[in-house]
Amino acid sequence: CVCGERDLGSCIQICRLESACMAGSVLHGSDEDSKSDTSGSSSRTVPEEPCKEYRVYVEKILRPLRPDLLAATLQVSGGRRSLEIGLSKFVARLKAYVIGCDERKLSRAAVRRARGIEQQLSLVSKGILVLPLNAGILSPDDLHGIWSGFAEMRGWRDCRVPQDCLLQMLSGSLAQLSEDVADQWKEKALSCELSRPEVHQSISAAAWPGLCSLLGRLPHCVTASQLREALWQQSFVDNPTRAPDHRNYKRFALMAAQMVAIGIELESDKAELLVHQCLNLDRPWRERRDMLSGILSATSVADRQQVVRKLDQRFEAHADIDDFEIVCGIAEHIGVEIPREGAIRRCALRRWALDPKRGGALPVARLMDFVDSDATIAEDLATSLRQRGRVADAALLLSRLHCADRQEGDAVHAFVDVAAGDVELSRLKEVLMMGDDGIHGGAGRCGVFGPVDVTGFSLPATLSLGVNVRVAEKAEEALEAASRLEGAHVVAMQLFREEAPFWHSPSTLLVMCSEDHIVLFDLTLLRSDSSSSPSPSQLGSNALACSWSAAAQRLRALLSERTVLKCVGGDSDLHDIAYELGLGISSSLKPGERDPVGPMLNVQELLADAMGCSAELDPAASWPSIVRRFLGVKLCPEEAGSNWSRRPLRASQLHHAAAEAWTQLPVL
């Protein structure tokens with residue numbers, strides 16, 4: 001029977017008591033098919049406010065955990081046993097309405113209903129066990145019966161819904177206890193209950209991150225190697241739903257990403273094996289991309305970069321367009337940088353530069369920044385420019401290439417066909433190379449300084465570079481910078497992303513400013529920073545306290561702080577910034593991911609409305625024009641639209657980003 005009793009007499013007695021309670025609830029008008037208002041009934045555990053549309057289904061699922069039914073079962077069994085029976089029925093009823101328990105094909109209406117039920121359950125689960133606990137039906141020790149609920153959902157393909165419900169039930173119940181009683185309960189759970197093999201071996205591997213966060217640590221009997229083996233076993237060997245291979249890979253990717261919260265990363269050899277198997281699956285590239293993104297989110301930064309490099313080499317060898325799309329998707333969703341000298345970037349860059357409607361339509365100064373001294377692409381691009389009559393632009397492009405074989409005083413013939421009549425191009429190239437010595441705005445061989453308008457705005461002396469203007473390139477620097485920004489009442493921020501050659505690419509620079517601090521977060525280097533990452537053997541809630549995920553979490557909390565006004569510049573908004581901060585970070589490491597962001601103010605749009613013009617179409621509403629009008633200073637526009645993905649960034653790029661973001665505050 002679903003009640004879990006093996007003795008027939010006890011089973012009949014328990015089920016009869018439950019039937020009697022259900023009949024009594026029908027007489028009082030609170031049956032699942034009744035639509036009447038019974039908000040005055042003390043037995044209802046689901047508040048009507050958050051559960052209007054699917055209230056009937058939610059009440060039916062939560063009925064076994066009602067105080068009257070638990071009290072009826074208590075007369076036959078103990079309090080702990082009554083909770084175990086109620087949780088068993090709860091999970092059994094939940095299977096009929098939510099997604100993830102098996103491989104059922106649901107209609108569109110059923111999927112919509114399941115999503116609504118899941119959302120409403122998450123709103124009311126925290127108070128489910130509070131009523132029987134306050135009424136004396138359950139004692140604090142009886143709450144240890146909740147471990148049977150975690151064992152019940154082990155056979156699910158995706159157990160996020162019941163797992164979240166049980167964790168919220170437990171969290172709400174412990175919040176009702178005194179601090180001493182709650183600490184004693186947690187200690188007993190860690191030292192006695194969870195230390196028993198029949199208990200911790202029956203708990204799904206995906207539940208341990210949530211339990212670790214709630215209890216403070218993992219039991220000493222649970223090690224990293226055991227969790228890795230359980231993760232592998234439950235994903236591929238057990239296969240209770242008889243799912244096809246690609247479903248098991250999805251399940252493993254989902255569960256593995258959650259394990260990062262307790263410091264458990266996949267071993268390099270196992271990650272390499274999984275990547276190889278995923279790539280060979282006969283599935284669309286979008287599905288394989290999603291699987292690989294989940295698997296790589298549970299690996300180390302070095303393993304992620306190694307996988308992307310191997311995929312880049314595979315594309316160079318086989319020219320498979322699926323590999324190209326998969327690598328671009330991984331870079332977009334995780335934030336791993338595509339190798340700068342790799343075949344994928346060079347292929348995309350060449351297509352972009354030679355397209356007359358994309359890169360080919362830009363001024364040559366911007367093209368030079370993106371070509372980045374790639375001689376092969378520059379030759380093809382120069383040929384294309386010459387064919388369109390842009391001879392001077394072709395000469396300027398070729399003059400910026402670094403030719404290792406060229407000695408001082410030698411004539412330049414490497415990229416010029418004199419027989420074809422390109423004498424003018426050769427002369428222009430010689431002249432232009434003379435001025436490229438690294439001074440007066442020239443890029444030179446070091447490529448540190450770019451063009452700077454000498455009449456442009458410079459940051460005030462009190463914000464001199466190196467004092468209050470900081471560049472955060474490591475996790476420790478980002479954590480320190482986040483603490484400096486937390487006390488501000490107004491924060492200006494702006495994203496800078498790579499505009500070419502990919503259609504969608506992650507942002508590479510985030511600037512956040514207060515009145516006396518400017519911080520430039522180098523997102524490319526921060527996502528690849530593995531110096532502060534914990535070893536796979538480190539477990540516990542403090543394992544990632546000094547990592548980039550911890551710094552991103554503090555910055556994400558700043559976006560939701562209601563007492564801080566956020567001024568956002570450029571084309572981005574707070575949701576874009578929140579998304580960029582979460583790239584490559586497991587969802588289990590983002591507790592405030594769903595917190596609403598704000599308050600936000602777009603200063604440029606506000607002033608454009610005040611001036612009665614369009615912020616997108618009217619040149620008077622551009623940010624340099626606004627700064628010139630309200631502050632009387634000129635922003636140098638030379639670095640606008642430059643290549644923000646190249647490393648190291650030029651000093652002029654850093655100055656441009658800092659000045660453009662910080663000027664929002666004095667303008668406001």
Side-chain angles (χ1 to χ4, degrees), residues 122 164 209-210 212-213 257-258 260-263 293-294 297-298 301 332-336 470-497 506-514 517-529 532-534 541-602 657 661 664:
S122 65
D164 292 343
C212 178
S213 176
Q258 297 173 349
V260 184
I262 51 180
S293 297
S297 64
V301 175
E332 179 182 353
H333 293 289
I334 300 185
V336 181
R470 300 178 181 273
V471 180
E473 299 178 346
K474 296 184 178 180
E476 295 84 354
E477 299 172 351
L479 279 169
E480 181 184 358
S483 62
R484 293 175 178 270
L485 295 170
E486 287 177 348
H489 298 289
V490 182
V491 177
M493 53 190 68
Q494 188 168 346
L495 283 173
F496 295 87
R497 68 177 71 246
S507 298
T508 59
L509 188 68
L510 170 62
V511 185
M512 303 184 75
C513 313
S514 63
H517 293 286
I518 299 177
V519 184
L520 298 96
F521 295 94
D522 195 329
L523 299 180
T524 300
L525 297 181
L526 287 171
R527 293 180 188 128
S528 60
D529 180 22
S532 58
S533 299
S541 58
N542 296 326
L544 302 177
C546 296
S547 63
W548 162 237
S549 60
Q553 180 180 339
R554 294 182 66 173
L555 294 175
R556 175 60 178 81
L558 181 64
L559 301 183
S560 301
E561 179 59 48
R562 311 303 298 179
T563 61
V564 179
L565 176 63
K566 274 73 70 172
C567 299
V568 182
D571 300 330
S572 305
D573 58 13
L574 284 183
H575 296 282
D576 297 329
I577 297 176
Y579 173 78
E580 296 292 342
L581 289 175
L583 281 182
I585 300 176
S586 171
S587 59
S588 54
L589 295 178
K590 297 183 286 186
E593 181 182 12
R594 298 184 179 180
D595 294 345
V597 296
M600 183 192 77
L601 177 65
N602 192 310
Q664 296 180 81

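The shown structure was predicted, so the numbers you read here are calculated from the model rather than taken from an experiment. By convention here, the first residue in the shown sequence is residue 1.
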*Determine, step by step, whether His575 and Val597 satisfy the side-chain contact (heavy atoms from CB on, under 4.5 Å) criterion, reporting the C-alpha distance in whole Å, the side-chain angles of both residues, the deciding distance to 0.1 Å, and the verdict.*
CA-CA 7 Å; His575 296 282; Val597 296; 3.6 Å; yes

*Can Met512 and His517 be said to form a side-chain contact (heavy atoms from CB on, under 4.5 Å), step by step?*
CA-CA 8 Å; Met512 303 184 75; His517 293 286; over 6 Å; no

*Using the side-chain contact (heavy atoms from CB on, under 4.5 Å) rule, take Val519 and Leu510 through it: C-alpha gap first, then chi angles, then the decisive distance, then the call.*
CA-CA 8 Å; Val519 184; Leu510 170 62; over 6 Å; no

*Take Thr524 and Thr508, measure what side-chain contact (heavy atoms from CB on, under 4.5 Å) needs, and give me the verdict at the end.*
CA-CA 5 Å; Thr524 300; Thr508 59; 3.4 Å; yes

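Within the 4.5 Å cutoff, no side-chain heavy atoms of Gln553 are placed close to those of Leu581. Counting only heavy atoms from C-beta outward, the side chains of Val490 and Val564 never approach each other to under 4.5 Å. Contact annotation: the side chain of Leu479 approaches that of Arg554 to within less than 4.5 Å [non-hydrogen atoms, C-beta and beyond]. Taking 4.5 Å as the limit, every side-chain heavy atom of Val336 sits out of range of all side-chain heavy atoms of Val301.
Listed by chain and number, the residues in a side-chain contact (heavy atoms from CB on, under 4.5 Å) with Glu477 are Ala472, Glu473, Lys474 (sequence neighbours excluded). Considering only residues two or more places apart in sequence or on other chains, Ser572 meets the side-chain contact (heavy atoms from CB on, under 4.5 Å) condition with Leu495, Arg497, Asp576. Residues passing the side chain to side chain donor-acceptor pair (under 3.5 Å) test with Asn602, sequence neighbours excluded: none. For the side-chain contact (heavy atoms from CB on, under 4.5 Å) test, residues two or more places apart in sequence or in another chain that qualify with Ala657 are Phe496, Leu509, Val511, Leu520, Trp644. Not counting sequence neighbours, Glu332 has no partner by the side chain to side chain donor-acceptor pair (under 3.5 Å) test. Scored by the side chain to side chain donor-acceptor pair (under 3.5 Å) test, Ser514 finds Asp516 as partners (sequence neighbours excluded).
For the atom pair CD (Gln664) and SG (Cys513), the distance works out to 7.5 Å, reported to the nearest 0.5 Å. In this structure, CG on Leu583 lies 9.0 Å from CD1 on Ile334, to the nearest 0.5 angstrom. Rounded to the nearest 0.5 angstrom, Ile577 CD1 and Leu555 CG are separated by 10.0 Å. Here the OG-CG distance, from Ser549 to Leu526, works out to 11.5 Å after rounding to the nearest 0.5 Å. Rounding to the nearest 0.5 angstrom, the gap separating the CZ atom in Arg556 from the CG atom in Leu574 is 9.0 Å. Ser507 OG to Phe521 CZ: the interatomic distance, rounded to the nearest 0.5 Å, is 14.0 Å.
Salt bridge annotation for Glu580-Arg527: present, with a cationic side-chain nitrogen under 4.0 angstrom from a carboxylate oxygen.
Across every non-hydrogen atom of Leu558 and Glu486, the tightest pair is CD1-CA, 4.5 Å. When all heavy atoms are compared, the tightest approach of Gln494 to Gly569 is CG-O, 3.5 Å. Nearest heavy-atom pair, Trp548 versus Ala475, reported as atom, atom and distance to 0.1 Å: N-CB, 3.6 Å.
Checked by atom type and distance alone, the side chain of Lys566 never pairs as donor or acceptor with a backbone atom of Val491 at under 3.5 Å. Looking at Ser483, its side chain does come within 3.5 Å of a backbone N or O of Glu480 through a donor-acceptor pair.
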